[in-house]
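Counting starts at 1 for both ligands and their atoms, in listed order.
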Amino acid sequence: MENTKSKDILYIVVPCYNEEPVLGETSSRLKVKMTALIEAGRISDKSRVLFVDDGSRDKTWEIIEGLHSSDSLFAGLKLSRNKGHQNALLAGLMTAKERADVTVSMDADLQDDINALDSFLDKYEDGCDIVYGVRSSRKKDTAFKRGTANMFYNLMRLLGVDIINNHADYRLISKRALEALSEYKEVNIFLRGIVRQIGFKSDVVYYERSERFAGESKYPLKKMLSFAFDGITSFSVKPIRMVTVVGFLVFLVSLGFIIYAIVQGLLGHSEAGWSSLFCSLWFLSGIQIMAIGIVGEYIGKIYTEVKARPKYIIDKYIDQTDENEKN
Ligand code: UDP
Ligand code: MG
């Protein structure tokens, strides 16, 4: 009995969308890791792995139920329908917050090295409320994914969004930081940006990112682009400001043209000028449509925020801790 202080309860939150091919392997690897952590006395034996089924169309939920009924380590949360990675993650974190002292979020495909958990817990014991997992290299990602990801991080930084390079959603968050997170009411949630706003003591842990061992990426290019766009428009109004600046510059240029035309007219050199007319027409129309588009993007965002619809709806929750309380 060297340590009488009760150990902290850790919940690992894993969003799953059509992850039937990986859940078996993922759950057994997590089981080994969690058992080791519990036996080493680092976390309470009431710790759980919480799988969040984000409206999967395959047998994901049945597998989660099976895991839960054979082992109390596993808990499951079923959303009413597919709401996307960020919302599924948030649903899991908010549910875990009621039962856990500390949470770690990770993807179902275990591309993030679960052995980094030890370092996460070290930092947590040192008093960090948030620990960010950062990929030390992206060698295992495809060149395309690497390239687009780099562009994304650079663009975000350029637009003034505070974001950690190569940090995805593998991170530790304490209960009190989660309480703070729950105060952010926005509907368009971009966790990587919001968690940075919470503050508290934080640190980073580096790890090697590996390949997805089964199943395929749930982030096709289209989803990736809309994710990037959401991230930017949720955190930065610079695009709107840039549009204004461009508009002003174009206005200055056109003033120059007008003066030039008047002078030419007074000197009696009338020009045919069809080509210049057409060029400027198309150029300006393009810029105008783009500007309207960007402004519209923000108005759309305001529209969804004003409606303040729920970010997710919980269908079912299964957790041995809750079942024990009832009996
Ligand atoms: N995911 C989800 N809902 C979705 C899409 C993805 O919960 O609509 C989950 C998915 O199951 C995985 C994580 O988000 O656990 C990351 O997805 P994925 O590994 O496909 O993305 P990548 O690693 O290729 O960026
Ligand atoms: Mg993945």
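- Looking only at N/O/S atoms, Asp109 comes nearest to the Mg ion (ligand 2) through OD2.
- Listed by number with element, the atoms of ligand 1 under 4.0 angstrom from any heavy atom of Gln111 are 19 (O), 23 (O).
- The protein atom (non-hydrogen) at minimum distance from atom 24 (O) of ligand 1 is Ser217 OG, 2.6 Å.
- At the shortest separation from atom 3 (N) of ligand 1 among protein heavy atoms lies Asp54 OD2, 2.6 Å.
- When ring centroids are compared, Tyr132 and His167 come within the 6.0 Å threshold.
- For atom 21 (O) of ligand 1, the nearest non-hydrogen atom of the protein is Tyr219 CD1, 3.2 Å.
- Glu297 has no carboxylate O lying under 4.0 Å from a charged side-chain N of Lys301, or vice versa, which leaves the two without a salt bridge.
- Between Lys97 and Glu179 there is a salt bridge, since at least one side-chain N of the basic residue sits less than 4.0 Å from a carboxylate O of the acidic one.
- Of the protein's non-hydrogen atoms, Tyr17 CB, 3.7 Å is the one closest to atom 1 (N) of ligand 1.
- Contact annotation for Asn82 and ligand 1: only side-chain heavy atoms (C-beta onward) come within less than 4.0 Å of the ligand.
- Atoms of ligand 1 lying under 4.0 Å from any heavy atom of Pro15, numbered from 1 in the order shown and given with element: 7 (O), 9 (C), 10 (C), 11 (O), 12 (C), 15 (O).
- Among all non-hydrogen protein atoms, the one lying nearest atom 19 (O) of ligand 1 is Asp109 OD2, 2.6 Å.
- With a 4.0 Å heavy-atom cut-off, ligand 1 is reached by the backbone of Cys16 but not by any atom from C-beta on.
- A single hydrophobic cluster is seen to contain both Ile43 and Val205, as judged by linkage of ILVMFWY side chains at heavy-atom distances under 4.5 Å, directly or through other members.
- Remark: of the listed residues Leu23, Val14, Val52, Leu23 is the sole one forming a side chain to side chain contact (heavy atoms under 4.5 Å, CB included) with Ile64.
- A salt bridge does not link Asp54 to Lys83: none of the charged nitrogens lies less than 4.0 Å from a carboxylate oxygen.
- Within a 6.0 Å sphere centred on NZ of Lys316, other residues, nucleotides and ligands contribute more than 12 heavy atoms.
- For Lys123 and Asp118, the salt-bridge test fails: no basic side-chain N is under 4.0 Å from an acidic carboxylate O.
- At the shortest separation from atom 20 (O) of ligand 1 among protein heavy atoms lies Lys218 N, 2.4 Å.
- Scanning the protein for heavy atoms near atom 16 (C) of ligand 1, the closest one is Asp107 OD2, 3.3 Å.
- Cluster membership for Met290 and Ile240, using ILVMFWY side-chain heavy atoms within less than 4.5 angstrom, is not shared.
- For ligand 1, the atoms sitting less than 4.0 Å from at least one non-hydrogen atom of Glu19 are 10 (C), 11 (O), 12 (C), 15 (O), numbered in the order shown with element in parentheses.
- Lys145 NZ, 2.9 Å is the protein heavy atom nearest to atom 25 (O) of ligand 1.
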